[in-house]
Amino acid sequence: MASLPFSAASFHSTFTCFNYKARNPNLFFLKKGSSFTLSRRKFFIKSVASDQRQDLKEGQITEEASLDTFVPDSASIASSIKYHSEFTPSFAPDHFELPKAFKATAESVRDSLIINWNATYAYYEKINVKQAYYLSMEYLQGRALLNAIGNLELTGAYAEALKKLGHNVEDVAREEPDAALGNGGLGRLASCFLDSLATLNYPAWGYGLRYKYGLFKQYITKDGQEEVAENWLEMGNPWEIVRNDVSYPVKFYGEVISGPEGIKEWVGGEDITAVAYDVPIPGYKTKTTINLRLWSTKIAPEKFDLSAFNAGDHAKAYSAMKNAEKICYILYPGDESLEGKTLRLKQQYTLCSASLQDIIARYERRSGEFLNWEIFPEKVAVQMNDTHPTLCIPELIRILIDVKGLSWEQAWNITQRTVAYTNHTVLPEALEKWSLELMEKLLPRHVEIIKMIDEELIQTIIDEYGTEDLDLLQEKLKQMRILDNIELPESVAEMIAKPEKSSVEAIESTEEDDVSDEETETTAEEDELEEEEIEEKNEVPPIIEPDPKLPKLVRMANLCVAGGYAVNGVAEIHSEIVKNEVFNDFYEMWPEKFQNKTNGVTPRRWIRFCNPDLSKIITKWTGSEDWVVNTEKLVTLRKFADNEDLQSEWREAKRRNKVKVASFLREKTGYIVNPDAMFEVQVKRIHEYKRQLLNIMGIVYHYKKMKEMSHEERKASFVPRVCIFGGKAFATYVQAKRIVKFITDVGATVNHDPEIGDLLKVVFVPDYNVSVAEMLIPGSELSQHISTAGMEASGTSNMKFAMNGCILIGTLDGANVEIRQEVGEDNFFLFGAEAHEIAGLRKESLTSQFVPDPRFEEVKAYVRSGVFGPYNYEELMGSLEGNEGYGRADYFLVGKDFPSYIECQDKVDEAYKDQKRWTKMSILNTAGSYKFSSDRTIHEYARDIWRIDPVVLP
């Protein structure tokens with residue numbers, strides 16, 4: 001326990017400028033020796049959230065007040081922390097314990113961020129720069145404190161300040177909960193992008209939702225995974241600033257009526273309010289600080305039914321309030337029920353509507369009296385991170401037509417030049433499709449607009465392919481329409497059905513007339529047959545007839561492609577699958593829309609801050625810290641890969657990190673592991689296609705073989721391993737939860753087997769998140785990226801592991817392909833079927849032609865024997881058998897790749913025994929990861945898709 005060495009009474013005589021200036025920007029401080037004097041200056045930073053426009057004289061950020069030369073030292077930082085602990089308290093005033101120290105420290109850092117943040121957007125407003133807006137349903141931010149002070153280059157100063165106050169900066173940082181705004185790679189990618197956008201000085205904002213309870217907090221019990229609500233906001237979030245003056249109405253349900261001159265009006269229904277919460281995102285070694293704006297939902301106070309409450313009907317009184325608030329309760333609420341589906345669609349529309357209203361308001365404010373909607377795409381680029389924000393397309397059109405008075409042609413043209421789409425999946429079931437009936441009920445105006453877009457798309461398809469080959473046209477419409485299992489618009493159906501005189505008929509009609517009566521006579525039967533043939537030719541294609549047994553759907557991915565100007569995949573192999581399979585028909589019609597933008601991760605969080613030991617080595621051997629923002633410098637390490645001094649330093653840094661991991665595992669799971677064993681890691685969302693099941697089946701195989709050997713044989717045959725798992729199974733994904741249970745049961749058996757000892761440990765880390773990743777990745781030596789080929793769009797954890805000198809074992813899937821190219825084939829453990837083989841292999845299973853490897857059958861029998869406890873694993877093992885059904889017939893080819901996998905693991909053992917070779921492989925992985933910085937990815941987005949330029953603050 002630490003106590004603050006100051007009192008409120010003495011505070012004002014000792015308080016320095018660092019904090020006070022942030023809260024009183026009209027005061028300017030001049031440093032004189034070790035003290036500060038105060039002089040009053042005109043200093044104004046306009047908030048972009050304010051609609052008030054100031055005159056140029058007041059609105060300018062004067063050179064003397066720009067804080068360019070103000071660098072807080074440890075003394076001023078300590079005073080700032082003390083100020084916040086006393087005057088912006090969330091805790092009792094008597095003690096300065098770690099939770100209070102974190103909150104005060106974070107608020108101190110936030111003051112510094114706000115200065116740069118306000119300056120950034122004042123300048124953007126002044127020059128009216130084109131801005132990119134990144135819309136994502138999730139952001140997996142992780143802890144912010146160490147990242148923020150690292151980017152501000154204040155890590156040392158804050159460490160010294162906290163030491164003076166009785167605390168260690170790392171201990172204080174651990175008090176911060178991970179922001180529960182995301183789940184997997186989609187959200188982490190979005191967060192890496194924000195870091196790179198700020199670091200590279202690109203004008204951009206992120207938009208998302210402020211989830212109160214996140215996805216869930218994961219506990220591991222004897223029954224497997226259990227879920228409870230996240231409590232990350234329980235003590236408040238010191239990084240966010242609520243903007244009560246920035247809110248927008250969002251409507252659901254109701255009806256559409258036609259007003260004067262045919263203008264549509266969406267009336268009635270359920271009205272809520274989206275309120276902005278802003279989170280500053282600092283760049284590394286730059287003043288640029290961009291914004292993540294999160295929406296929270298509520299209702300106006302007058303919507304609270306006071307009469308019902310006073311009458312005792314409390315549920316009725318606050319039903320409207322709860323309906324509004326629950327939109328931002330949970331990330332990805334279960335959608336098995338109609339209520340769950342409705343809530344998800346409400347979430348998506350809230351994100352899109354509030355964000356677009358905000359974007360348009362900013363465009364209007366910046367345009368002033370020179371408002372011109374035609375140049376809207378020259379000032380605004382909207383990026384949809386997967387299909388969740390698809391409703392941006394009809395919502396932008398709705399606002400432009402219904403609110404701003406533009407014509408359909410204008411609104412459609414503007415939208416098609418403003419919105420771009422990133423695809424993150426090749427799984428057909430993951431390409432979102434919404435019930436038309438639900439959408440018509442919840443968003444009636446948007447369905448009208450979507451039907452108009454669908455009609456525009458149909459007309460484009462007909463213009464491209466014509467109506468001569470109706471079979472081809474039917475197939476194109478079946479694959480490309482936005483509305484699935486819905487009749488064609490009348491005008492289109494009539495056009496297709498209308499008989500046209502063929503060229504043959506035209507020639508026949510002009511043939512010479514001097515034929516005999518006998519030659520021109522036809523029987524009544526022939527006439528009738530000819531008429532039937534003509535009718536057959538002119539029949540409306542069957543595709544326009546909906547199947548009453550199937551649901552009517554809105555295909556959101558097709559809407560994204562049709563409504564946007566760019567579509568990108570996230571790895572080279574993924575982008576080829578997108579072009580050649582997922583959206584092949586669209587690619588053939590619009591090849592210019594399709595691009596590849598291989599994902600990347602920020603080297604600041606994922607090497608510089610989470611792995612300081614390795615960072616120092618890289619800086620030493622590359623000659624500077626330039627690699628932190630210019631990862632091409634990492635290539636320099638290649639020429640030193642055989643250097644004994646570098647290898648020795650490299651191994652020492654890795655072992656120090658492994659010791660930290662071992663301590664962490666003991667704290668979180670109770671298991672004691674040997675840091676001299678190989679640390680093998682698979683941490684990611686639990687899903688059958690990611691094949692955690694293949695990993696644990698391989699472990700079971702090796703465990704069984706160990707049990708069949710003598711102690712001496714085991715020691716000679718196997719490298720000691722610690723096999724670490726982490727990841728969350730979606731709450732309603734039964735099979736994924738079975739896999740979690742299986743892993744933990746294997747661990748419970750293996751880890752308590754005295755015959756095996758330290759030769760093999762299996763550890764499942766509960767509640768995997770960014771902070772856990774920052775601990776595990778620096779200490780990992782082998783990382784598993786073993787998805788069924790062709791099913792992983794990219795992956796980003798593979799990049800993080802490679803950056804930290806961890807060697808990968810994996811399939812040719814996602815970004816693995818490019819990583820292997822860059823690090824070298826000899827430095828990547830490759831196994832498994834390739835993407836082009838998958839369809840044929842599945843067909844073998846369906847036709848009972850596949851013969852499983854005897855070793856695979858041996859493992860399944862061993863699991864069924866009950867050696868890992870009484871739980872019935874028949875459903876799990878059964879999914880690897882049979883010859884029909886999704887989730888059966890070994891759809892994800894675990895059995896097919898199993899022999900290749902365990903043979904590849906033997907090669908891993910062989911390489912690990914030669915530590916000189918292994919260390920060289922590790923160094924070359926770090927060197928080859930230069931390509932996988934999110935800085936490179938963002939440069940490509942900015943250049944090729946958003947067409948924005950960096951803006952450096954003066």
Side-chain angles (χ1 to χ4, degrees), residues 49 137 180 208-214 216 228-234 236-237 240-257 259 264-278 293-358 361 391 395 398-399 402-403 434-435 437-447:
M137 282 299 288
L209 296 182
R210 181 180 179 267
Y211 302 106
K212 185 174 183 179
Y213 301 117
F216 58 80
V228 299
E230 286 272 13
N231 61 350
W232 74 290
L233 290 173
E234 191 73 14
N237 178 9
E240 69 184 12
I241 298 174
V242 60
R243 302 295 195 188
N244 288 311
D245 58 333
V246 181
S247 63
Y248 297 97
V250 179
K251 182 184 289 293
F252 306 108
Y253 305 108
E255 62 178 337
V256 181
I257 61 174
K264 297 293 183 75
E265 188 177 359
W266 184 14
V267 298
E270 176 185 307
D271 296 304
I272 67 165
T273 301
V275 180
Y277 283 73
D278 286 350
R293 177 157 285 179
L294 303 171
W295 300 107
S296 186
T297 45
K298 66 176 188 178
I299 59 168
E302 58 267 22
K303 296 285 185 179
F304 182 79
D305 193 338
L306 190 58
S307 298
F309 189 87
N310 288 330
D313 193 349
H314 298 161
K316 179 184 177 184
Y318 54 70
S319 63
M321 179 178 67
K322 289 299 179 186
N323 280 335
E325 291 177 352
K326 72 180 181 182
I327 291 171
C328 292
Y329 275 176
I330 299 292
L331 169 64
Y332 302 140
D335 59 357
E336 300 295 316
S337 65
L338 175 61
E339 290 78 8
K341 289 181 174 66
T342 302
L343 185 56
R344 279 213 189 189
L345 191 54
K346 281 186 171 183
Q347 287 183 330
Q348 293 186 6
Y349 179 60
T350 298
L351 170 64
C352 295
S353 181
S355 301
L356 279 168
Q357 289 182 71
D358 196 45
L391 289 168
E395 176 66 0
R398 182 193 72 81
I399 295 172
D402 297 355
V403 181
W434 284 105
S435 160
E437 181 182 2
L438 170 60
M439 193 174 284
E440 281 181 318
K441 184 178 179 183
L442 191 69
L443 303 169
R445 178 58 176 137
H446 296 75
V447 171

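We use all heavy atoms of the structure for the numbers below, so side chains are in, but hydrogens, waters and symmetry mates are not.
The six-membered or imidazole ring of Y248 lies near that of W295, with a centre-to-centre distance under 6.0 Å.
The shortest distance between side-chain heavy atoms of T273 and S247 falls below 4.5 Å. A 4.5 Å side-chain heavy-atom check between F252 and I327 finds at least one atom pair inside the cut-off. In this structure, L443 and W266 have side chains that are in contact, with non-hydrogen atoms separated by less than 4.5 Å. For the pair E240 and R210, the minimum side-chain heavy-atom distance is below 4.5 Å. For the pair T297/V250, no side-chain contact is recorded, criterion being any heavy-atom separation below 4.5 Å from C-beta on. Under the 4.5 Å side-chain criterion, counting only non-hydrogen atoms from C-beta, L345 is in contact with L391. Side-chain contact between E230 and F216 is absent, with no heavy-atom pair separated by less than 4.5 Å. Using a 4.5 Å heavy-atom threshold, the side chains of W434 and K341 count as touching.
Across all their heavy atoms, T350 and A274 have their closest contact at CG2-CB, 4.5 Å. Residues R445 and D402 come closest through the heavy atom pair NE-OD2, 2.7 Å. Summarising the geometry of L438 relative to L338, their closest heavy-atom pair is CD1-CD1, 4.3 Å, with the distance given to 0.1 Å.
The closest donor-acceptor contact from the side chain of S296 to the backbone of V275 lies at 3.5 Å or more, if one exists at all. R344 contributes a side-chain N or O that, together with a main-chain N or O of P333, makes up a donor-acceptor pair within less than 3.5 Å. Formation of a donor-acceptor pair under 3.5 Å by the E395 side chain with backbone atoms of A354 is not found in this model. Here the side chain of E440 pairs no donor or acceptor atom with the backbone of V447 at under 3.5 angstrom.
With rounding to the nearest 0.5 Å, the separation of SG in C328 from CD1 in I272 is 7.5 Å. Between the OG atom of S319 and the NZ atom of K303 there is a distance of 11.5 Å, given to the nearest 0.5 Å. Here CG of N231 is found 10.0 Å from OH of Y213. Values are rounded to the nearest 0.5 Å. Note: L356 CG to R398 CZ = 9.5 Å, rounded to the nearest 0.5 Å. The CG atom of L209 lies 12.5 Å from the CD1 atom of I330; values are rounded to the nearest 0.5 Å.
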Check the pair Y277, R293 against side chain to side chain contact (heavy atoms under 4.5 Å, CB included), reporting the backbone distance first and the verdict last.
CA-CA 6 Å; Y277 283 73; R293 177 157 285 179; over 6 Å; no
Checking Q347 against Y211 for the side chain to side chain contact (heavy atoms under 4.5 Å, CB included) test, could you report, in this order, the C-alpha distance in whole Å, the side-chain angles of both residues, the deciding distance, and whether it holds?
CA-CA 10 Å; Q347 287 183 330; Y211 302 106; 3.9 Å; yes
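By the 30° and 60° cut-offs, the orientation of the rings of H446 relative to Y349 is perpendicular.
No salt bridge links K326 with E339; every basic N to acidic carboxylate O contact stays at or beyond 4.0 Å.
In this structure, K251 places its NZ atom where more than 12 heavy-atom neighbours from other residues, nucleotides or ligands lie under 6.0 Å away.
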